[in-house]
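Data block below; observations after.
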Amino acid sequence: MNPKNDLFLRACKNQKIERTPVWLMRQAGRYMKEYRELREKAGSFKKFYKNVELAVEASILPKKILDIDAIIIFSDILTPLESIGMNFDFKEGEGPVFENPIKSPEDIKRLKPFNVEDTDYVGQIIKGVNQKLNREIPVIGFAGAPFTLAAYMIEGKGSKDFKKTKTFMYNHPQAFKELLDIIADMLIDYLNLQIQSGADAVQIFDSWAGYLSPKDYKEFALPPIQKIIKNLKRDYQPVIHFTKGVAGFIDFISSSNADVYSVDWMVDIKDAKAKLYPKAAVQGNLDPTVLYADKEAIKKEVDYILQSWGKDSGHIFNLGHGLMPDMDVEKVKFLVDTVKELSFKVRS
Ligand code: CP3
């Protein structure tokens, strides 16, 4: 059954809409004091995302505070990796750090088979959100893309140059492809669990693929995404494919066969529309840094994006990347209100 407000789903399918739907990447995060209170209660980020009750609360905060048109569940792209034997923790100020990063092709053989039941709590969070919100707005499930997850597994933490990942990829291309394929198979089960649990859409986050050359992107990062999208069991649920740095791949990215492409601000929204629409819908693409500027500037940038897209359906307003912890909730709320107000005007 469709949620009561299905603007987001209609835009994903290029069906008629009254105004542009809006939600924001990393909308469930530290910039909200209510989030910081829940995190304090949980004790650590990991305990937080595994605690179904608290994770449901965190997921729905942006509905209460910002009144966005879709909820992304509160979780992380790394959550399924524990099941295959990758141990990590989130270090204060540093982000995720792995105990046992992959250093050689032999390490890949030591990975455990994925047991989807280990991620049951993620399905419970989706069910909990739908229950708590009484199906008011759509719920988005998500996963990291194989390349981005493989990069975390090899680097062992965040990186500026992906030296270890690329060295592995060039020295052992076949083993690297096998690793990507293991991750793709894991994500098929993981995303199918989310869809079965009631996710109305799923987003695949390829935050780091933009560091690859177009040739290497085609050879390594794209095939496992095509495999995932092909193997999802869905009735109506759209797949959103987010690639940070998509500008270099914009001429062929649509071969992943997603329903929606989430684009960052390095590509002009008019160019994204020209290349991707109407075969697919487009999500994006405000530079999140605009939120540090004053309200007039925010309004001007929102207006540019909405005017550039025009009256057609097929656009979901979002940022080009996530909200940052030091952003001002009041301005984030202003952004959401402004998108709603101006998109009515553009369409009238
Ligand atoms: O968008 C949402 O609000 C939903 C929840 C969500 C989180 N992470 C919560 C989170 C989503 C969709 C993610 C995705 C994610 N996680 C990505 C892909 C998107 C992107 O931003 O490129 C990546 C690369 C990660 C990995 C990750 N998780 C990092 C690098 C960090 C540390 C960041 C930092 O500043 O400490 C996390 C932790 C994380 N994930 C937090 C949240 C709210 C902060 C945890 C905390 O300390 O409370």
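Atoms within each ligand, like the ligands themselves, are counted from 1 in listed order.
- No heavy atom of Gly322 sits closer than 4.0 Å to any atom of ligand 1.
- Close contacts between ligand 1 and Ser207 involve ligand atoms 18 (C), 19 (C), 20 (C), 22 (O), 24 (C) [criterion: under 4.0 Å to a heavy atom].
- The residue from Tyr31, Tyr152, Phe242 that puts a heavy atom closest to atom 26 (C) of ligand 1 is Tyr152.
- Every atom of ligand 1 is numbered from 1 in the order shown, and the set under 4.0 Å from a heavy atom of Phe205 is 12 (C), 18 (C), 19 (C).
- Side-chain contact check for Lys299 versus Val290: every heavy-atom pair is 4.5 Å or farther apart.
- Among residue pairs with one or both ends in residues 155-169, none qualify as salt bridge (Lys or Arg N to Asp or Glu O under 4.0 Å); sequence neighbours excluded.
- Residue Gly95 has at least one heavy-atom neighbour below 4.0 Å for each of these atoms of ligand 1: 32 (C).
- Crowding of Lys331 atom NZ: a count of heavy atoms from other residues, nucleotides or ligands under 6.0 Å exceeding 12.
- With distances taken over non-hydrogen atoms, the option nearest atom 31 (C) of ligand 1 out of Ser59, Gly29, Pro96 is Pro96.
- Heavy atoms of Glu94 found under 4.0 angstrom from ligand 1: none, in either backbone or side chain.
- In terms of polar-atom proximity, defined here as any N/O pair under 3.5 Å, Arg30 does make such a contact with ligand 1.
- The environment of CZ in Phe48 is crowded: more than 12 heavy-atom neighbours from other residues, nucleotides or ligands sit within 6.0 Å.
- The protein heavy atom nearest to atom 9 (C) of ligand 1 is Ser75 O, 3.2 Å.
- Two residues are said to be in side-chain contact when any heavy atoms from C-beta on lie closer than 4.5 Å; Val246 and Tyr261 fail this criterion.
- Backbone and side-chain nitrogen or oxygen atoms of Trp208 are examined, and none is located within less than 3.5 angstrom of a nitrogen or oxygen of ligand 1.
- Assignment of Tyr35 to the shell around ligand 1 is supported, since a heavy atom sits closer than 4.0 Å.
- When every heavy atom of Gly284 is checked against every heavy atom of Ile305, the shortest pair comes out as O-CG2, 4.2 Å.
- Atoms of ligand 1 lying under 4.0 Å from at least one heavy atom of Ile72, given by number and element, are 1 (O), 2 (C), 3 (O), 4 (C), 12 (C).
- Scanning the protein for heavy atoms near atom 28 (N) of ligand 1, the closest one is Asp76 OD1, 2.7 Å.
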**Message:** Using the rule given for salt bridge (Lys or Arg N to Asp or Glu O under 4.0 Å), can you reason through Lys41 versus Glu37, listing the C-alpha separation, both sets of side-chain angles and the distance that settles it, and then say yes or no?
**Reply:** CA-CA 6 Å; Lys41 221 191 233 181; Glu37 283 162 12; over 6 Å; no

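- In Gln15, the CD atom is crowded: over 12 heavy atoms of neighbouring residues, nucleotides or ligands sit closer than 6.0 Å.
- What you find for Phe8 and Trp23 is that their closest heavy atoms are CE1-NE1, 3.6 Å.
- If you look at Arg26 next to ligand 1, the close heavy atoms, those under 4.0 Å, come from the backbone and the side chain alike.
- Proximity of Ile73 to ligand 1, defined as any heavy-atom pair under 4.0 Å, is confined to the backbone N, CA, C and O atoms.
- Residues Phe168 and His172 bring their aromatic ring centres within 6.0 Å.
- Listed by number with element, the atoms of ligand 1 under 4.0 Å from a non-hydrogen atom of Ala28 are 3 (O), 43 (C).
- In Phe142, the part holding a heavy atom less than 4.0 Å from any atom of ligand 1 is the side chain.
- With a 4.0 Å cut-off on non-hydrogen atoms, Pro325 does not touch ligand 1 at all.
- Not one N or O of Trp23 is nearer than 3.5 Å to an N or O of ligand 1, by distance alone.
- Only the side chain of His321 comes within 4.0 Å of ligand 1, judged by heavy-atom distances.
- Between Tyr121 and Ser75, the side chains place no donor N or O within less than 3.5 Å of an acceptor N or O (distance only, hydrogens not considered).
- Here the shortest heavy-atom distance to atom 47 (O) of ligand 1, taken over Glu92, Arg39, Lys91, belongs to Arg39.
- The environment of Lys273 atom NZ is dense: over 12 non-hydrogen atoms of other residues, nucleotides or ligands sit within 6.0 angstrom.
- Only the side chain of Phe90 comes within 4.0 Å of ligand 1, counting heavy atoms alone; its backbone N, CA, C and O stay farther away.
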**Message:** Show, in sequence, the C-alpha distance, side-chain angles and deciding distance for Gln203 and Gln283, and conclude whether the side chain to side chain contact (heavy atoms under 4.5 Å, CB included) test is met.
**Reply:** CA-CA 11 Å; Gln203 176 154 330; Gln283 175 173 278; 3.1 Å; yes

